[in-house]
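The structure under discussion appears below in the form of structure tokens.
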Amino acid sequence: MVTKSSQFSSRHFENCCYNKYIGYNYCKFIEKIRKTYMSEKKLDSKEKRTIVYMISLISQVGISMIVPIFLCVWIGIKISEYAQAPIIVLVAILIGCIVAFRNAYILLKQTYAKDLQRENEEQQYFKELEEARKRNMEKKDS
């Protein structure tokens, strides 16, 4: 059974691939999202948690970048009005951008550190399985 959303998405994907300004990899990404999240299957709780976590991470990174920039711009404008030096606003914007990217880096570093630790644990587990398999094969051969 074809639903309206899947018809729209398939048509959108076809139009996307013929667009010379959008890359083919982006079209494949859109198609993967359509197949994964717009299909008729129900999402399990782990997939839902992953989606909610990623949306919250994106919004948290955005907020942690926007707040320092706007705050530094506002402070720069107030200081430049008092000191009659417009260059202070540019310096404040630069400081705000540096702080914003530092915040995003720290936030994403913490997130990926957890993923890296989980990945290392999985690799260690697979190495142990491989070693156990080799030992069992040696026992069978002898």
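Keep in mind that the numbers below use all heavy atoms, side chains included, and drop hydrogens, waters and symmetry copies.
The CD1 atom of I77 sits 10.0 Å away from the CH2 atom of W74 when rounded to the nearest 0.5 Å. Separating the CG atom in N120 from the NZ atom in K127 is a distance of 8.5 Å, to the nearest 0.5 Å. Annotation: the span from R102 atom CZ to S64 atom OG amounts to 10.5 Å, rounded to 0.5 Å. Rounding to the nearest 0.5 Å gives a distance of 11.0 Å between CD of Q110 and OH of Y105. One finds the CZ atom of R118 at 9.0 Å from the CD atom of E121 (value rounded to the nearest 0.5 Å). To the nearest 0.5 Å, the span separating CD1 on I98 from CD1 on I69 amounts to 11.0 Å.
Qualifying side-chain contact (heavy atoms from CB on, under 4.5 Å) partners for L108, counting only residues two or more places apart in sequence or in other chains: L57, V61, Y112.
V91 and V99 fall within the same hydrophobic cluster, defined by Ile, Leu, Val, Met, Phe, Trp and Tyr side-chain heavy atoms under 4.5 Å apart, directly or through other members. In the hydrophobic cluster analysis, where Ile, Leu, Val, Met, Phe, Trp and Tyr join through side-chain heavy atoms closer than 4.5 angstrom, I88 is grouped together with I75.
Look at E138 and R135 and you find no salt bridge, because none of the NZ, NE, NH1 or NH2 atoms lies under 4.0 Å from a carboxylate O.
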| task | Would you sort out whether I63 and Q60 count as a side chain to side chain contact (heavy atoms under 4.5 Å, CB included), showing the intermediate values? | result | CA-CA 5 Å; I63 290 170; Q60 190 174 6; 5.9 Å; no
| task | Apply the test side chain to side chain contact (heavy atoms under 4.5 Å, CB included) to residues M65 and N103: give CA-CA distance (whole Å), side-chain angles for both, the deciding distance (0.1 Å), then the verdict. | result | CA-CA 7 Å; M65 289 184 75; N103 289 345; 5.8 Å; no
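Closest non-hydrogen pair, G76 versus A92, comes out as CA-CB, 3.7 Å. Closest heavy-atom contact between S80 and P86: CB-CA, 4.3 Å. Taking each heavy atom of A100 and P68 in turn, the nearest pair found is CA-CG, 4.1 Å.
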